[in-house]
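Chain identifiers are assigned alphabetically (A, B, ...) following the order of the sequence lines, protein sequences preceding nucleic acid strands; residue numbering begins at 1 within each chain. When reading the values below, keep in mind they use all heavy atoms of this one structure, side chains included, and skip hydrogens, waters and symmetry mates.
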Amino acid sequence: MDFWKVGLLCLLWAASVLAIGAVELGRHQPTERISGSAGDVLEDDPVGRLKVFVYELPSKYNKKILQKDPRCLTHMFAAEIFMHRFLLSSPVRTLNPEEADWFYTPVYTTCDLTPNGLPLPFKSPRMMRSAIQLISSNWPYWNRTEGADHFFVTPHDFGACFHYQEEKAIERGILPLLQRATLVQTFGQRNHVCLKEGSITIPPYAPPQKMHAHLIPEKTPRSIFVYFRGLFYDVGNDPEGGYYARGARAAVWENFKDNPLFDISTEHPTTYYEDMQRAVFCLCPLGWAPWSPRLVEAVIFGCIPVIIADDIVLPFADAIPWEEIGVFVDEKDVPQLDTILTSIPPEVILRKQRLLANPSMKQAMLFPQPAQPGDAFHQVLNGLARKLPHDRRVFLKPGEKVLNWTAGPVGDLKPW
Amino acid sequence: MKLSAWQQSYLNRRSNSFRGQLDTSGESAGMSPLTTFWFLLHSAFCLISVVLGFRFSRLVFLFFFSAASTNFSAFRGGEISAPLVMHSSLATNPIKTIASPANQTGGSRVLVGRHGIRVRPWPHPNPEEVMKAHRIIERVQREQRALFGVKKAKTIVAVTPTHVRTFQKLHLSGVMHSLMLVPYDVIWIVVEAGRVTNETASIIAKSGLRTIHVGFNHRMPISWDDRHKLEAQMRLRALRIVRKERLDGIVMFADDSNMHSMELFDEIQSVKWIGAVSVGILVHSGGTEESSSFQGEEETPPFPVQGPACNATNNLVGWHTFNSLRYAGKSAVYIDDPAPVLPRKLEWAGFVFNSRLLWRDLDDRPQWIKDLEVLDGVDEDIESPLSLLRDTSVVEPLGSCGRHVLLWWLRVEARTDSKFPARLLELMSRLFKHCTMDPLVLWRVVHKDGVWLGIETYNTSYLLKPEMDTGFWVMVWSRSSFGLGKLDGMEGGVVVYFMVALGD
């Protein structure tokens with residue numbers, strides 16, 4: 001009898017091992033594990049490692065704004081809205097603020113859109129300030145740390161500097177009330193006023209269903225060498241060139257417009273996503289701001305991103321080794337772009353493609369509805385969890401004040 | 001700082017977008033004397049510029065505020081008379097003029113402000129770089145094939161009926177180069193009408209493939225109908241060879257004047273017993289401008305397509321055949337007629353099958369295939385391989401159920417009394433020896449709103465940079481053939497007017 005039991009157990013164990021093996025032998029491209037600077041952190045599960053308390057703000061800060069303009073759900077700044085929705089139903093949410101490690105304030109500052117769909121940041125500082133005044137007067141947790149254990153999602157062009165023009169943004173600087181908070185933003189550039197130390201850089205929002213609807217068979221040969229679709233000159237705002245993209249996009253056009261290897265133009269083809277999947281390299285140059293949704297699209301479609309933006313900080317840079325995945329080209333080296341790209345050894349190119357094919361890499365760039373493990377929401381939470389436990393200096397003694405509530409331009413102090 | 005004030009007012013004036021106009025926050029009201037002074041200076045510069053015809057202020061700036069370095073930038077639009085090109089060999093820091101020091105953040109080398117547009121002295125493609133890029137693309141595609149392509153590639157058995165004529169070298173070389181590029185093993189069976197000749201043998205010897213060259217004891221007749229029938233008989237002769245030698249692979253029919261896509265050879269690897277692909281029919285109008293009949297039709301493909309017809313669940317329900325009623329009375333009957341040559345209802349070229357179907361004693365041969373011996377000695381017309389089947393519903397539709405057209409049928413022949421000087425071919429082969437693009441034996445023309453943007457095959461993209469229009473001549477070349485075609489109003493095809501096959 002015992003012998004049969006042992007035999008049956010052995011059989012079951014063998015079957016389970018083989019079954020696992022069979023699942024792995026799917027039709028996937030062999031991928032390489034992405035080892036970030038902190039190890040394989042993309043697959044970490046934040047549940048259990050942190051607790052987030054979501055403030056209940058009146059709907060004029062979030063729902064009413066969204067109701068006025070539902071376009072905010074599909075533009076590239078939609079991450080702030082989807083982050084709110086994710087946190088409301090996530091297991092890391094706690095209803096007891098005493099046990100919370102992080103506090104989240106749901107205020108949609110990037111939802112005041114022009115008829116063309118571009119967000120106007122002029123009321124955003126006042127909106128943010130009003131929200132902070134509300135939470136500091138209704139709950140004691142802001143004053144306890146002056147916001148050092150609070151985080152805010154500020155996905156606009158230059159983050160919490162709340163302006164779309166770089167000089168103005170630098171002049172304004174980060175909103176004084178947010179000096180101690182953690183900012184979750186798309187903007188990232190080293191040694192820039194608008195990137196605070198300790199910020200978490202996220203990818204811009206790109207609609208996952210739309211991209212997955214345009215997938216083509218993986219065996220379609222990649223026949224385009226370099227692909228780019230977008231503006232080279234912004235004739236509305238910068239007619240002579242040299243200002244937009246610091247002249248880098250214009251340089252790409254002037255140097256490579258008749259080069260058959262570079263499939264670049266300003267067209268809006270219906271086969272944009274399909275064409276990216278047939279390209280080896282996809283250009284991701286800076287525009288008015290250094291970040292671009294093209295990075296997300298390139299990662300999803302397996303096209304090696306060529307990043308032309310000096311000193312840029314890419315999303316989740318502490319978890320994703322971008323130097324091994326993409327190609328970085330200095331803006332001054334743009335005229336030699338063809339030499340740079342053709343001198344990359346084929347083995348390196350194949351390795352980059354393998355890294356890009358890793359599903360956890362693609363998942364980390366997306367904001368799917370509903371949230372899935374390993375997606376950008378979870379990477380944000382991982383980033384917040386990595387910052388725990390809070391330093392002792394975060395907690396202020398009673399009566400101690402660090403922030404200057406009257407700093408900033410006079411216009412910002414008006415109530416919203 | 002006065003520089004930033006100047007810059008501020010300058011920029012405010014320049015940005016004329018909707019966003020700029022609403023920019024009212026943070027703007028101080030009231031004009032100080034300094035502002036008035038700058039305003040007057042600015043208007044003075046404007047007047048001078050109007051008189052001179054270019055931006056005087058920019059010159060002043062360059063003159064007064066530029067560093068000692070010899071950096072210039074290329075200005076678009078020729079505002080300054082001589083365009084100044086930036087040399088790419090500068091090692092020092094870049095630019096320049098308008099970046100105000102107040103904006104430079106500590107430690108960063110990125111400056112805010114206007115930058116020059118760097119253009120290298122010779123902004124045109126370097127052929128060596130292009131070749132390196134093609135090699136990279138080739139390596140990437142090889143990797144893709146290894147990962148996602150067929151795991152156990154079967155041999156392709158290509159059957160080609162041919163005969164000696166002026167354009168034989170053209171057509172046969174075209175097929176030969178397609179077969180040479182197939183990434184799988186190829187056995188090429190060439191059946192020649194008349195007898196085996198040295199001309200044909202010399203052409204196919206250059207392929208490097210395993211070839212079986214046999215003769216067929218009939219001369220090519222002069223009427224197209226009889227020619228089609230004879231070609232069918234020649235194909236059967238080749239099938240008998242497959243049976244005799246017990247060749248293992250996938251049999252496909254590569255008529256020598258057809259054009260094949262590389263995608264075809266990848267697609268037919270997935271056939272189990274017998275499959276059908278869609279064939280595009282290019283009916284050459286023989287000199288007169290007959291293409292007017294195609295211009296009105298935009299919704300349906302403007303050229304006939306033969307092949308399997310599927311329903312919504314991708315099951316074979318019927319066949320798209322060639323409708324010759326439209327050409328009734330206008331088609332060529334004899335070989336030198338200046339009229340379109342029509343195909344038959346279903347061409348042999350659209351069918352592929354597993355060579356095991358023909359073997360003599362195969363245990364698991366399906367019931368629905370007739371034995372080839374049944375057709376021995378029978379003189380009736382075998383129109384298409386469907387006659388070999390008892391049950392036509394077993395045919396597998398390939399190419400996304402017939403939606404992709406994978407090969408093109410065309411019959412273009414020179415007049416029988418024409419002579420093509422052999423020396424010319426040798427000369428051209430020497431001229432084009434170094435052209436090393438992949439064969440464009442099938443090309444899909446990419447266009448948007450009637451403007452041609454590029455030509456691409458399954459695994460190559462070649463962009464036509466200046467936009468071209470219908471009627472433009474396109475010169476395309478492969479490793480050893482060169483063709484001249486005309487862009488016609490057909491999405492997905494180029495009508496080849498003549499193609500010169502080179503030696504080598």
Greatest number of heavy atom pairs closer than 4.5 Å to chain B - which of A:Val280, A:Thr339, A:Ile349: A:Thr339
B:Gln144 (side chain) donor-acceptor with A:Glu218 (main chain) under 3.5 angstrom: yes
Note, B:Arg118 side chain near A:Lys332 side chain (heavy atom, < 4.5 Å): yes
Flag if over 12 foreign heavy atoms under 6.0 Å of NZ, A:Lys196: yes
Nearest-0.5 Å distance, CG of residue B:Leu147 to CD of residue A:Gln353: 9.5 Å
Donor + acceptor pair across side chains of B:His124, A:Asn259 (<3.5 Å): no
Heavy-atom side-chain proximity of B:Val119 to A:Trp253 below 4.5 angstrom: no
Nearest atoms (heavy-atom pairs only) where A:Thr342 meets B:Ala133: CG2-CB, 3.8 Å
Residues that B:Arg135 engages under salt bridge (Lys or Arg N to Asp or Glu O under 4.0 Å), provided they are two or more places apart: none
Contact summary for A:Arg246 and B:Leu111, nearest pair of heavy atoms: CD-O, 3.8 Å
A:Ser223 versus B:Gln141, closest heavy-atom pair with distance: CA-NE2, 3.8 Å
Closest contact, heavy atoms only, B:Ile136 versus A:Ile344: CD1-O, 4.0 Å
Heavy-atom pair of closest approach, residues B:Pro123 and A:Glu254: CB-O, 3.8 Å
Side-chain touch B:Ile137/A:Arg222, heavy atoms, less than 4.5 angstrom: no
Ion pair check, B:Arg120 and A:Asp338, cut-off under 4.0 Å: yes
Which residues share a salt bridge (Lys or Arg N to Asp or Glu O under 4.0 Å) with B:Glu267, sequence neighbours left out: none
Which portion of B:Glu129 sits near chain A, non-hydrogen atoms under 4.5 angstrom: both
